[in-house]
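Let me begin by presenting the structure, written as structure tokens, before commenting on it.
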Amino acid sequence: MNMGNFGSKKTTEWSPAQYFDVQRADDDKPFALLILNQEITDLAMLENLWNNSVFRVCADGGANRLYNALRAGPDRESMLPDAIVGDLDSLLVHVWTFYESRGVKVIKDADQDSTDFGKCLSYISRHSALQPPDFTETHDALDSWRGVKVSATHSQLAVVALGGFGGRVDHSLHSIHALYVASAAVKASSTRRELLLVSPQNITFLLEPGKNIIHTPRSFLGKTCGILPIGQPSIITTRGFEWDLKGQETRFGGLMSTSNHLNADTVEVETSESVVFTVEIRTEALSITDGGEDVFWVQPPVRSDTV
């Protein structure tokens, strides 16, 4: 098998670390933060993503997690989501009361054919889609866009979902399912939306058929990564990994590239089908200033493969 048989010649570029950059400029790619119903254990990550995002939505019980993570104090009062969306079967009464009394929209969607994750993605699409050329934010969902003008030629607002993994296995698998559903919606509408699943350990997203160029700064991302052909086999060629693939078929029950290592700050994955890419986040990567230059401080890793 060889890569020349690919039907798609599309090149897609990814910069997952940009969403965490504490030196992020106002005109960098805007994104929405979606908080899922998993315990928030990394407050620095939450604060970083919160400050960088322009729209914030909690998926039902995700509001409980935000409320509990912030405890009482000024952060709980200032870090108010734009909306809480879901069937609301998990939202605690005192949390509901707290946020609603402070003007947070609490949206009940009783559709039993979609999950709270899916409901939130639909809500974000309806209430924070990019607008025609020279439109300056006036819509209530765009109040925090910092005066940035946007163009109709832009893609939909990217979404970073915090808490995509952990807890029940079926919930984690559904998060991966959401990547595929979002990809199918993008293909149907001919617009691109980035959807990334984030946990304190990993960033995970779906690579499209064709060539994918992934910026993987080692200052923020760890070494260990994986390319998972979920759903169907895929023929893959890679560049910039410790163990590169060269037009090889990967599938469950056969060859799979797990526990691979990044060897460069930019890597390439050329694939015949959509595949899941996951990469470690360096533990507690924080930006500091050293001699006038911005650098990353990283807590010493506990395993040799995160050096």
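Every value quoted in this text rests on a predicted model; they were computed, and no experiment measured them.
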Point to revise | D60: partners by side chain to side chain donor-acceptor pair (under 3.5 Å), with sequence neighbours left out | key: none
Exercise for review: Identify the heavy atoms of P209 and S272 that sit nearest to each other, and give their distance.
Suggested key: CB-O, 3.7 Å
Point to revise | side chain to side chain donor-acceptor pair (under 3.5 Å) involving W96 - partner list, sequence neighbours excluded | key: E100
Practice item. Indicate whether any N or O donor in one side chain lies under 3.5 Å from an N or O acceptor in the other, for Q18 and H215. Key: no
Check your understanding: H94 and Y67: ring pair (Phe, Tyr, Trp, His ring centres under 6.0 Å), yes or no, with the steps?
Key -> CA-CA 10 Å; H94 71 280; Y67 181 91; 5.4 Å; yes
Check your understanding: Of all residues at least two apart in sequence or in a different chain, which pass the side chain to side chain donor-acceptor pair (under 3.5 Å) check with H174?
Key -> T115
Exercise for review: Report whether V104 and F98 are members of the same hydrophobic cluster (ILVMFWY, side-chain heavy atoms less than 4.5 Å apart, transitive linking).
Suggested key: yes
**Study point:** CA sep, side-chain torsions, deciding dist, call: L34, L121, side-chain contact (heavy atoms from CB on, under 4.5 Å)
**Key:** CA-CA 8 Å; L34 171 54; L121 290 178; 4.2 Å; yes
Point to revise | Which atom of T216 lies closest to which atom of A264, heavy atoms considered | key: OG1-O, 3.0 Å
Review point. Could R102 and E77 be called an ion pair, given the rule that one side-chain N must be under 4.0 Å from one carboxylate O?
Key: yes
**Study point:** Under 3.5 Å side-chain donor-acceptor pair for T250 and S234
**Key:** no
Review point. Side-chain contact, heavy-atom cut-off 4.5 Å: M79 with R56?
Key: no
Review point. Hey, are the side chains of F165 and Q201 touching, using non-hydrogen atoms and a 4.5 Å cut-off?
Key: no
Review point. Are the side chains of V269 and W14 in touch, meaning some heavy atoms are under 4.5 Å apart?
Key: no
Review point. Do the side chains of L43 and V160 join up, straight or via other hydrophobic residues, at under 4.5 Å, putting them in one cluster?
Key: yes
Review point. Going only through I, L, V, M, F, W and Y residues with side-chain contacts under 4.5 Å, is there a path from M256 to Y180?
Key: yes
Practice item. Could you tell me if the ring centre of F55 sits under 6.0 Å from that of H127? Key: no
Review point. Are I230 and I176 side-chain neighbours, meaning at least one heavy-atom pair lies under 4.5 Å?
Key: yes
Revision key, fill the gap. Sequence neighbours excluded, the answer for salt bridge (Lys or Arg N to Asp or Glu O under 4.0 Å) partners of E47 is none
Point to revise | Q232: partners by side-chain contact (heavy atoms from CB on, under 4.5 Å), with sequence neighbours left out | key: E273
Check your understanding: Does a side chain donor of either N68 or N64 reach within less than 3.5 Å of an acceptor in the other side chain?
Key -> no
Check your understanding: With a 4.5 Å limit on heavy-atom distance, are the side chains of I35 and P81 in contact?
Key -> no
Study note, to complete from the structure: For V275 and I227, the nearest pair of non-hydrogen atoms, with its separation, is CG2-CG2, 3.7 Å
Review point. Is there a side-chain contact (heavy atoms from CB on, under 4.5 Å) between V57 and I84 once you walk through the steps?
Key: CA-CA 6 Å; V57 175; I84 301 168; over 6 Å; no
Review point. Would you call V198 and M45 a side-chain contact if the rule is heavy atoms closer than 4.5 Å?
Key: yes
Revision key, fill the gap. Closest non-hydrogen contact found for A63 with L91 is CB-CD1, 3.7 Å
Study note, to complete from the structure: Between A178 and L195 the two heavy atoms that sit nearest each other are O-CD2, 3.8 Å
**Study point:** Those residues that, when tested against S175, pass side chain to side chain donor-acceptor pair (under 3.5 Å) (two or more places apart)
**Key:** none
Practice item. Take H261 and W243 through the ring pair (Phe, Tyr, Trp, His ring centres under 6.0 Å) test and state the conclusion after the steps. Key: CA-CA 7 Å; H261 291 165; W243 297 285; 5.1 Å; yes
Check your understanding: Which atom names give the shortest non-hydrogen contact between L245 and S257, and what distance separates them?
Key -> CD1-CB, 4.1 Å
Check your understanding: Would you say the side chain of L46 lies within less than 4.5 Å of the side chain of L70, judging by non-hydrogen atoms?
Key -> yes
Point to revise | From CA spacing to verdict: side-chain contact (heavy atoms from CB on, under 4.5 Å), I213, T266 | key: CA-CA 7 Å; I213 299 173; T266 300; 3.6 Å; yes
**Study point:** Validation row: F241, D244 side chains within 4.5 angstrom (heavy atoms)
**Key:** yes
